[in-house]
Amino acid sequence: MVAPNAAGEYDSVALEESIMKRWKENQTFARSIEYRRDGKPFIFLEGPPTANGRPGIHHVVARTYKDLVCRWKTMEGYLVERKGGWDTHGLPVEIEVQKRLDLMSNDAIMEFGMEKFNEECRNSVWTYEDAWRKMSERMAFWVDLDNPYVTLHNDFIESSWWALKQMFEKDLLYRGYKVLPYCPQTGTSYSSHEVALGYKEVEEPSVYVKFKLEDDDASILAWTTTPWTLPGNVGLAVGPEVTYCRVRISEEAGNWDGRGGAKVGEEVILAKDLLKEVMRHHVEIISEFPGSELVGKAYIPLFPGAVDRGESKTAWTVVSADFVTTSDGTGVVHTAVMYGEDDYNLGREVGFPEVHTVGMDGAFVEGIHSELDGKYVKDCDDIIINLLTDSNKLYREKMYVHDYPHCWRTGHPLLYYGMESWFVRMTAVKERLLEFNDQVEWAPDWVGEGRFGEWLRNVKDWAISRERFWGTPLPVWRSEDGEMKCIGSIEELQHEVEKANAAGVENPTCPDDVDLHRPIVDDFVLISESGSLMKREPFVMDCWFDSGCAFFAQWHYPFENEDKITDAFPIDYICEGVDQTRGWFYTLLAVSTTVFDSICYKRCLSLGLILDKDGKKMSKSKGNVVDPWDHFNKEGADSSRWYMVTAGAPWNPLKFDPDGVRETYAKFFLTLWNVYKFHADYAALDGFDPEEDILPVEKRPELDRWILSRASTVAKEYQNQFINWDFHKACRDLEDFVINDFSNWYVRRSRRRLWDEATNDDKRACQHTLHEVLSLVCKLTAPVAPFMVDEIYSNLNGDSVHLSHWPIQDEGALPPQDLSLESKMELVRSLAETGRRIRVKAKRRQRLPCNEGWIVGGPDLGVFHEILAEELNVENISTVNELDKFQQIELSPNRKMLGKKCRQDLPSVLEAISSADPNSTWEEIQAGTCKLAGYEITSEDVELRRVEKSGFAAETITFSENDEDLDVSLVLDMQITPELASKGLARDIIRRIQQKRKDLGLDIEENIELTVWLSDGNPELLDNDWKHLQNETRAGAAKLELGTGPNDSEEFEVDDSKIYFKVN
RNA sequence: GGGCGGGUAGCUUAGCUUGGCUGGAGCACCCGGCUGAUAACCGGGAGGCCGCAGGUUCAAAUCCUGCCUCGCCCA
């Protein structure tokens, strides 16, 4: 091993870039995996981002947590392979292409050509791949992007097909309807985020409709904002617990506005709470009853013949539904099965006929009503209202203002429309899902138990098909009479194509590398067992299905890599934003449960959202998006990563404050670098070899043993915090250690030890200690902020820190701990601080020494007296036990004990304690005879405090060791002697001259010529101190004069008298 | 409308599980000190209806109830 190089200044960006280069040249990432080849695997799965969006700061956050766990586990000795992945299918891709090529409807796409369109999609997927690569590399996210899994690759699709077939064979796949927001103008249904693009406030007619009961004169009143759904009405829903009433119109209404009405004597039924809201007539209440009494009653259809009853027994009857409320309407919900999600679910549940009254073109189908057939539904509101009015079925109309989703492309209102769709029967495996979820270690646990658990308890069947073009095609072929085949591999497809060809179908060729996308797969026609032609169901899969298959499809399982599932499944760790709870976290579990009947991942870290510094969501439109490069190019990736991890718990929302990154840079990294620089510069100068002349720890001074012990303690706690997912606490503690213990105390106290030019034991001890602590800090920091510490570690140890071993597991790897030494040093530091506080209060300059200092109480600090004398600027430190000389006692109540004993009398007892004489009371307490305010007071009820007597400057602090609180006092002697005054004066002058030297930019070694003028008020400067002054300031030639200095001399004041000096 | 989480100093936050001495820290601000020690450090100061309102208790930031508010997810 050779001596380290001198460190140079810290330039984070240049340093990180040079390290990136070094990693590339040395293949450090690959080596970090290879040298763990024999280790136990730790399986990480990368959630695939889509590369057709630019990466943002939130991706940096997620990748930091992915990376740090993988690096940590690697250092621990696990084999952690990291395959990159890309999500390349789905709606966002199609929308991008549609916008670019102005293809605003399905017809336009078909006209353009589906093949060409999909080709455009395939290309557009990679728009930002380079930006992603650069970001990943710059932030040091180690992942294999050269061999990623890609959801559009045939291998991936084939594996997904295989998975679907498993579901199909388990009867978990079925065809049904799903009510979706649909735009008849473009012929497409919309996902929720597209819907969100198009909400508009509109004013529309709403109607209160009278549904005449079959065997009763009364009508039930129902309300709807979509009159066009009324011809499709097949049922009325009431709340079983809601109170309804039957009322009779008792008077004609005056000032009737709009169409509709009711005659005197007519009877209607509605929720009691909404009576005033709805009725425009004076009415008398005939009866009141719960909704359950209405259930089963039949009524006369509004548009007879519009819907075919079919097998349904419940059509045009009242049913009960728990979603019915009395917040608006009449407390009765008109149900048209195909045009509302609640309606559809209710219809399925109670058996209403599932029949469309509206076509895909948005117009009524033939046979509804002569005035409606073939007309666009939104043009029919008026006609329908008139028809109802004419047949006395309308009670009233009311204009209604609400937000309603509109097509973001055409501006037309969307229709909620029941579409053919394929589902995975998740409801059938609900119990297994819950069971598996219980086995997952969630961070934080409330996401698993709460948000995710809640979702699973209410799990619905998963609608996995989309009427789109760019995606994994649904591999189900279907004949007109409903025979179905699900294809699970290319080989099977080829086989089926051959079979069909043999039966006379003319299919295109189906080679081994057939592109599994549309429209190619659409062209294959298969043949059923009974000999009918089968066509592919014209859907693609929800792209969430793709990513849900990633854990096996990334390996092309089961066609290849069987061992990846037998040996490397379930996954050990995944990590994504909390918004993935019902996204990727769910689809992974859904697929693994339905296909493998297994848990999918053992640990899941769910990250909080990233917000701007004001707590607002980052969005392009608000312009508050933080570009990661702003910080990569300024403070660097280390500071960005460390900031993000220390800013809060990973699952809490992160308010990203650019100033926080700067602060991290200035405090943690700059400090660490300067500690390193301090060590490296002297080590380089001295030719220090960390492997030579190692001084055993027990032979090193207390200060060294202390910092080594602290380092051990911090390292162990760091590991515990990591295991508990408390990365933020771990890193905050480490940061505190580096800044306060290591830099501000150890290095500050050790500085002079390295100044000595000759080698000695003390210097060697210090250098080895610095080397060991720095190396340890590097290892601990490496997973979180991998750059700078790699530079430090490599320079000190010759190889990358990322190839080093995590220092925690084996006992011998950490320096010895000495907790009693740690707590003593803590006391020493507190005493040093206390001394400064005493001086401020006593108005005594820090540089003016005190003759004596006494430590009263506490453990033996003999070995630290020298440090304390220096820190406190006291000539002589001693320990004394005679408290009374400096102190008197005070009693302070222990409220916890007294509260239990005295309850409501506590205030009067407290009063009694504070007014009693402490000395005699304490004697009584010890004798067991103390009684105050009627209560017996024992030594447990009070705490004894010692307070300094006047005449000494003193302060008492509490020192805790082994659950015991000890009072320790520091007393300073405040008298001033000529010797002390001289010393203090010398220090003040030295300080000024040193500052001047610094201002002049003088080298540390350089000599100066010095003249000092003392005036009348100054204390005498003794010979010794004058010599010391010359020595410290390297004043080769020095003169001491009396009087006022010339105009070109420097002037300053000490205790109100002036001093002049001049440096040449 | 439902579920989950948050609301503590100008800002970022710790403390809440298990109630108890004066609610702790960092940034920024002011005063002082210290420094051949770095964008550092130390002491002091100012700055807190601990979201609001009730309840439990001798005692509530902490436990309970309701509300307000912000965020996310779902309707």
Side-chain angles (χ1 to χ4, degrees), chain A residues 9-10 192 323 325 327 341-342 444 446-455 457-458 460 577-583 586 606 608-609 611 613-617 643 646-649 651-657 659-660 662-667 669-675 677-678 728-729 732 735-736 739-740 743-745 747-748 751-752 755 829 832-841 843-847 871 873 892-910 942-943 945 958 987 990-991 993-998 1002-1005 1032-1034:
Chain A
E9 298 304 316
Y10 178 46
S192 57
F323 59 77
T325 65
S327 57
E341 189 166 1
D342 281 339
W446 51 259
V447 167
E449 286 158 20
R451 182 180 280 217
F452 197 51
E454 200 54 40
W455 165 254
R457 279 186 282 281
N458 297 311
K460 303 234 167 67
V578 68
D579 51 323
Q580 295 295 332
T581 310
R582 288 161 192 193
Y586 172 63
S606 155
L609 272 208
L611 309 169
K613 68 180 171 55
D614 302 319
K616 296 273 180 300
K617 194 178 173 174
Y643 163 70
T646 50
W651 43 85
N652 283 341
L654 168 63
K655 288 186 196 167
F656 193 95
D657 181 3
D659 286 341
R662 189 197 52 77
E663 197 183 314
T664 295
Y665 168 84
K667 295 200 72 164
F669 288 97
L670 204 54
T671 304
L672 181 56
W673 183 262
N674 281 306
V675 170
K677 183 171 153 54
F678 171 70
H728 58 305
K729 291 184 184 170
R732 283 171 182 175
E735 181 173 320
D736 185 66
I739 295 171
N740 290 319
S743 174
N744 290 339
W745 191 252
V747 171
R748 185 162 69 83
R751 211 159 267 278
R752 279 172 185 269
W755 288 356
R829 291 172 70 180
E833 285 167 17
T834 304
R836 286 185 209 116
R837 197 159 42 233
I838 292 171
R839 280 173 178 275
V840 169
K841 279 188 191 155
K843 295 199 161 71
R844 189 176 177 112
R845 299 186 346 259
Q846 195 69 34
R847 295 190 197 94
E871 287 288 325
N873 194 14
S892 75
N894 181 336
R895 284 160 198 259
K896 191 166 189 169
M897 298 301 297
L898 286 169
K900 276 185 191 147
K901 184 187 289 187
C902 314
R903 319 294 282 183
Q904 64 276 19
D905 294 331
L906 186 62
S908 58
V909 176
L910 292 179
V942 293
E943 218 175 315
R945 294 186 163 277
T958 305
R987 266 190 79 173
I990 290 169
R991 157 81 191 118
I993 296 168
Q994 302 290 39
Q995 186 59 47
K996 186 68 192 170
R997 286 182 60 113
K998 214 172 175 181
L1002 296 181
D1003 199 77
I1004 293 176
E1005 319 273 309
E1032 283 288 307
T1033 58
R1034 295 197 180 246

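In the text below, chain A, chain B and the rest are named by the order of the sequence lines, each starting its count at 1. Both backbone and side-chain heavy atoms feed into the values below; hydrogens, waters and symmetry mates do not. Quantities reported herein were computed from a predicted structural model and do not represent experimental measurements.
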Sort out the partner of [N] for me: Watson-Crick or G-U wobble, both distances under 3.5 Å, none otherwise.
N	answer
B:rC72	B:rG3
B:rG54	B:rC64
B:rU35	none
B:rA25	B:rU12

Exercise for the section: Find the distance between OH (A:Y10) and CG (A:N674) and round it off to the nearest 0.5 Å. Expected result: 10.5 Å
The side chain of [X] lies closest to which of these nucleotides: [options]?
X	options	answer
A:K655	B:rG3, B:rU12, B:rU38	B:rU12
A:V578	B:rC11, B:rC72, B:rA39	B:rC72
A:K667	B:rA39, B:rC41, B:rC74	B:rC41
A:W446	B:rC27, B:rG5, B:rC41	B:rG5
A:A666	B:rC11, B:rA39, B:rG26	B:rA39
A:Y665	B:rA39, B:rG3, B:rC72	B:rA39

Ignoring backbone atoms, establish whether [X] has a side-chain N or O less than 4.0 Å from OP1 or OP2 of [N].
X	N	answer
A:R847	B:rC34	yes
A:R987	B:rU35	yes
A:K729	B:rA14	no

Would you measure the distance from the [atom1] atom in [N] across to the matching atom in [M] and give it in whole Å?
N	M	atom1	value
B:rG54	B:rA60	C1'	13 Å
B:rU13	B:rA53	C1'	27 Å
B:rG23	B:rA9	C1'	11 Å
B:rG55	B:rG47	C1'	32 Å
B:rA40	B:rC30	P	14 Å
B:rC64	B:rU18	P	10 Å
B:rA28	B:rG10	C1'	8 Å
B:rG51	B:rC42	C1'	36 Å

In whole Å, what is the span from the [atom1] atom of [X] to the [atom2] atom of [N]?
X	N	atom1	atom2	result
A:L654	B:rG5	CG	P	20 Å
A:N652	B:rU12	CG	P	13 Å
A:D736	B:rA14	CG	P	16 Å
A:H728	B:rG15	NE2	C1'	12 Å
A:K460	B:rG2	NZ	C1'	11 Å
A:L670	B:rA40	CG	C1'	9 Å
A:N873	B:rG43	CG	P	17 Å
A:W455	B:rG2	CH2	C1'	13 Å

Practice task
Using a heavy-atom cut-off of under 4.0 Å over every strand shown, decide if A:A832 touches base, sugar-phosphate, or nothing.
Solution key: nothing
Completion exercise
Closest to the 5' end of RNA chain B, once A:G648 and A:N740 are matched to their nearest nucleotides, is A:G648
Problem - Nearest-nucleotide comparison on RNA chain B, the residue closer to the 5′ end among A:R751 and A:E663 - result: A:E663
Is there side-chain contact between [X] and [Y], with heavy atoms separated by less than 4.5 Å?
X	Y	result
A:T664	A:F669	yes
A:E454	A:R457	yes
A:H728	A:N652	no

Practice task
Run the ring-centre check on A:Y643 versus A:Y665 and record whether the distance is less than 6.0 Å.
Solution key: no
Handout entry: Shortest non-hydrogen contact between A:A647 and A:L654, atoms and distance
Key = CB-CD1, 3.4 Å
Handout entry: Over all atoms of both residues, closest heavy-atom pair of A:K460 and A:Y586
Key = O-OH, 4.2 Å
